[in-house]
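Some notes on the structure that comes next.
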Protein chains: 2
Amino acid sequence: MMNIISHTATVPISALFQTLGVAPRLEILLAIGAGEACVCHLEAALGYRQAFISQHLMALREANLLETRREGRFVYYRLADRRILDVLAQAGALLGQAVAVQFSPVAACECPNCATTKVARLCPDPLIGEQERVA
Amino acid sequence: MMNIISHTATVPISALFQTLGVAPRLEILLAIGAGEACVCHLEAALGYRQAFISQHLMALREANLLETRREGRFVYYRLADRRILDVLAQAGALLGQAVAVQFSPVAACECPNCATTKVARLCPDPLIGEQERVA
DNA sequence: AGATTATATTCATCATGATGAATAGATTAT
DNA sequence: ATAATCTATTCATCATGATGAATATAATCT
């Protein structure tokens, strides 16, 4: 008997969830947010090793969640589809947990993206005003 | 430096995704949908072994996604929060995949829930008209 | 009480995948 | 060309958890 809730229909969705089932990957997605981030930026912002970040970026890319753009030595990652943020927000809401999405320049990162916006660091708490979105 | 995107904030969300990263569990959640289902129903509807179903039900329960109600020999499972269906729907939408939620009586299931609605089986394809929700 | 049915749990196995370490590749600067 | 920097990949290890098999518990029925 055929069922609309087929196994094959749920497999790709479960695969997506499986990819999202690793905390550092969520941190990466949220750190990228609506913007763009290079590996070195994520490294500085999240405090993980370079290879560690790269490995998870690869996993997210293979899940078609990220796209890349190379600019010189830097590789910039951005969300392939921002609706992934809605998925995260909804999951967070279910747990009564707000999910903050943001891109914030990091002092330790020397990439052009951070360099141009680095003035913001002069503020006492630069993160406060920059929160783009809470769901 | 403190970051709004903290590791501890993403851990519970990733744990939720990890729980959802198994296809049969999604099948179970969708089979329950807005209704209620006993193990024997899921067994018949999805075609898995009893212990298999039970094990995944336990995982979903430990993730606080399901609640139970006992009625005689039968234990009925229902969603603890229907917003989980929105999470599934959004994930499905991201993949261009419609997610159908439904509870349909199954001939092979003798539980009261199925017995009372079993008349519907007389239709050539009882599943068609019963699709409750597509997102 | 014993039998039957529905569900839960335990245990062992096995595959998967996350992580760390080391290294390779790619690009720019000197 | 060499060095320096940024990123990717490979390899080995290890822990986790999904599954199957078997059994235990719970409730009802005769």
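Keep in mind it's a predicted model, so treat the numbers as computed, not measured. Each chain gets a letter, A, B and so on, in the order its sequence line appears, and its residues count up from 1. All values below come from the heavy atoms of this structure, side chains included, with hydrogens, waters and symmetry mates left out.
Non-hydrogen atoms lying under 4.0 Å from DNA chain C are contributed by B:Q50, B:A51, B:S54, B:Q55, B:M58, all within residues 47-63 of chain B.
Rounded to whole Å, atom P of D:dA8 lies 11 Å from atom CG of A:L66. For the pair B:Q18 CD and C:dG17 P, the computed distance is 12 Å after rounding to whole Å. With rounding to whole Å, B:F74 atom CZ is found 5 Å from C:dA6 atom P. Whole-Å rounding puts the A:R73 CZ to C:dT27 P distance at 12 Å. When the P atom of D:dA8 is taken as reference, atom CZ of A:R69 falls 14 Å away, rounded to whole Å. If you take CG of A:L20 and P of C:dA18, they are 11 Å apart, rounded to a whole angstrom. Atoms CD (A:E71) and C1' (C:dT28) sit 13 Å apart, rounded to a whole Å.
Contact annotation: B:R25 side-chain N/O to D:dA18 OP1/OP2 distance is under 4.0 Å. Between A:Y77 and the phosphate of D:dC6, there is no side-chain N or O to OP1/OP2 separation shorter than 4.0 Å.
Side chain of B:R78 to main chain of B:A80: no donor-acceptor pair is present (N/O by atom type, distance under 3.5 Å, no hydrogens or angles). Looking at B:Q97, its side chain does come within 3.5 Å of a backbone N or O of A:A9 through a donor-acceptor pair. In this structure, A:R82 contributes its side chain and A:A34 its backbone to a donor-acceptor pair below 3.5 Å. In this structure a side-chain-to-backbone donor-acceptor pair under 3.5 Å is present from A:R70 to A:G72.
No donor-acceptor contact under 3.5 angstrom links the side chains of A:H41 and A:Y77, judged on distance only.
Base pairing of C:dT30 is made with D:dA1, judged by Watson-Crick or G-U wobble geometry with both donor-acceptor distances under 3.5 Å. Across all strands shown, the partner of D:dT30 is C:dA1, judged by Watson-Crick or G-U wobble contacts whose two distances both fall under 3.5 Å.
Hydrophobic clustering of Ile, Leu, Val, Met, Phe, Trp and Tyr side chains at less than 4.5 Å, counting indirect connections, unites B:L94 with A:I32. Each of B:Y76 and B:L79 belongs to its own hydrophobic cluster when Ile, Leu, Val, Met, Phe, Trp and Tyr are linked at side-chain heavy-atom distances under 4.5 angstrom.
No contact: B:Y76 has no heavy atom under 4.0 Å from any strand.
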